[in-house]
Novice: 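Mind looking over this structure? Questions follow.
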Amino acid sequence: MPARPSILIARTVFPEVVDKLRQHFDVETTPAGTVWSAQQLVQRLQGKEGVLTTGSERIDAALLAACPQLKIAANLAVGFNNFDLDAMTAAGVLGTNAPDVLTETTADFGFALLMATARRITESEHYLRAGHWKEWSLDLFAGAEVHGSTLGILGMGRIGQAIARRGALGFGMKVIYHNRSRLPEDKEAAIGARYVDRDTLFAEADHVVLVLPYTPAVHHTVGAAEIARMKPTATLVNIARGGIVDEEALVAALRERRIAAAGLDVFEGEPRINPALLTVPNVVLTPHIASATLPTRMAMAMLAADNLIAYLTEGRALTPLNPEVVGRA
Ligand code: GLV
């Protein structure tokens, strides 16, 4: 019998996922709470043909050169900025991600974060817990209107569209968006969204939601200039990747109330948080949990596992990022 392929699960996943993978592979797991350094990851990957990564393990040219047996890295995330896809393609290593299964859950969370930010939910809860609430008053934690306001979406992929639907259909919002490519007109009409240029998006939106994929080209694409265009009553919500927003510029704007509030689920350099963010009250901070419901996280992990199984046992890729390597090995 040919030897079973060996794989590494680079972060703790649900036991059901490990059990499924063990039916096909020799599986090395990662102890709970462990995050491998780049060097440790290379050591663990010796002799492994596959790796199940989360969005944090970097698969780049240096790692690929040191792990010549590697054939596939299956990311348990829809974003894949931890992959150097060109280097992977050059090395003949397939990358896969976990799209679709998280779209609606992530859109739910984007909307929840928007509402928590606009309606000052965490800020007011902290006030209450600290025992500061002495009397009801008319303007206590008065926030911004959500229903009927203008929702600006930067990045109109699947998740952006799902957020747009919630805003337009559920909350009667006027939806404007900017994206690298414009949606077909019938799709815009079905979602109820209007394409605008970037400057108009920041200037007109009451709530700006960032849902674009992170690449070096969009590093700090939301900085002082974009924030300066926003209304003083506006909110900014980021559920994409931390590096998209210049956090220093955001903190300065929040401190000076040049915008009303921000909601951030992602951070540059996470899980480390820029300490300045912790000092401003008008920001809602959550630990990268936009897709975190148990059914969705299970579906994401199972999709990553299914990609490993399909590729290493049958040479098929389910959600390939660089399909040109399939069949090349
Ligand atoms: C989470 O951030 C993901 O990319 O799935």
Side-chain angles (χ1 to χ4, degrees), residues 9-14 17 30 35 51-60 72-85 88 94-114 116-117 153-163 179-180 209-222 236-245 247 262-274 277 284-308 317-322:
I9 303 177
R11 224 28 113 77
T12 304
V13 295
F14 304 117
V17 181
T30 294
V35 178
V51 59
L52 192 155
T53 50
T54 63
S56 323
E57 290 77 31
R58 186 137 182 83
I59 306 294
D60 57 14
I72 171 172
N75 221 26
L76 198 171
V78 67
F80 51 90
N81 51 298
N82 54 319
F83 286 177
D84 179 338
L85 214 51
M88 291 172 73
L94 179 70
T96 64
N97 68 341
D100 299 322
V101 290
L102 80 182
T103 299
E104 299 299 328
T105 300
T106 304
D108 285 350
F109 185 88
F111 221 87
L113 189 54
L114 187 165
T117 303
I153 301 180
L154 188 61
M156 199 56 148
R158 288 163 285 215
I159 297 170
Q161 292 173 39
I163 292 173
N179 196 41
R180 270 172 313 179
V209 180
L210 308 176
V211 215
L212 63 165
Y214 179 74
T215 63
V218 297
H219 184 71
H220 288 188
T221 191
V222 180
L236 177 70
V237 171
N238 187 7
I239 58 166
R241 285 291 181 269
I244 290 171
V245 175
E247 288 174 356
L264 307 176
D265 185 49
V266 285
F267 305 88
E268 194 169 357
E270 64 184 48
R272 201 179 33 78
I273 304 292
N274 179 339
L277 276 172
V284 180
L285 306 169
T286 51
H288 202 147
I289 55 168
S291 63
T293 64
L294 282 177
T296 292
R297 285 280 165 89
M298 179 65 85
M300 293 165 72
M302 282 297 184
L303 180 53
D306 286 341
N307 267 301
L308 287 162
L318 305 179
T319 51
L321 297 166
N322 51 350

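The structure presented is a predicted model; accordingly, all values stated were derived computationally and were not measured. Order of appearance sets the numbers: ligands from 1, and atoms from 1 within every ligand.
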Novice: Is it the case that the side chain of T103 and the backbone of D100 share a donor-acceptor pair, with hydrogens and angles ignored and the cut-off at 3.5 Å?
Specialist: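 Side chain of T103 to backbone of D100: a pair is present.
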
Novice: Give the numbers and elements of all ligand 1 atoms closer than 4.0 Å to a heavy atom of R241.
Specialist: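 Within the 4.0 Å cut-off of R241, ligand 1 contributes 1 (C), 2 (O), 3 (C), 4 (O).
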
Novice: So if I count the atoms of ligand 1 from 1 in the order they appear, which ones are less than 4.0 Å from some heavy atom of H288?
Specialist: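 Near H288, meaning under 4.0 Å from one of its heavy atoms, ligand 1 has 1 (C), 2 (O).
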
Novice: Near L102, which atoms of ligand 1 are under 4.0 Å from a heavy atom of that residue?
Specialist: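 Contacts of ligand 1 toward L102, numbered from 1: 5 (O).
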
Novice: Verify, without hydrogens or angle tests, whether N322 (side chain) and L94 (backbone) share a donor-acceptor contact under 3.5 angstrom.
Specialist: no

Novice: Please round to the nearest 0.5 Å and tell me the distance separating atom OG1 of T54 and atom NE2 of H288.
Specialist: 9.5 Å

Novice: Do any nitrogen or oxygen atoms of G79 lie less than 3.5 angstrom from nitrogen or oxygen atoms of ligand 1?
Specialist: yes

Novice: Nearest 0.5 Å, what's the CG-CG distance between N238 and L210?
Specialist: 4.5 Å

Novice: What atoms in ligand 1 come closer than 4.0 Å to a heavy atom of M300?
Specialist: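 Counting atoms of ligand 1 from 1, those under 4.0 Å from M300 are 5 (O).
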
Novice: Counting non-hydrogen protein atoms only, what is the nearest one to atom 5 (O) of ligand 1? Give residue, atom name and distance.
Specialist: V78 N, 2.8 Å

Novice: Between T30 and T12 (side chain of the first, backbone of the second, donor and acceptor by atom type, cut-off under 3.5 Å), is there such a pair?
Specialist: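 Such a contact is absent between T30 side chain and T12 backbone.
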
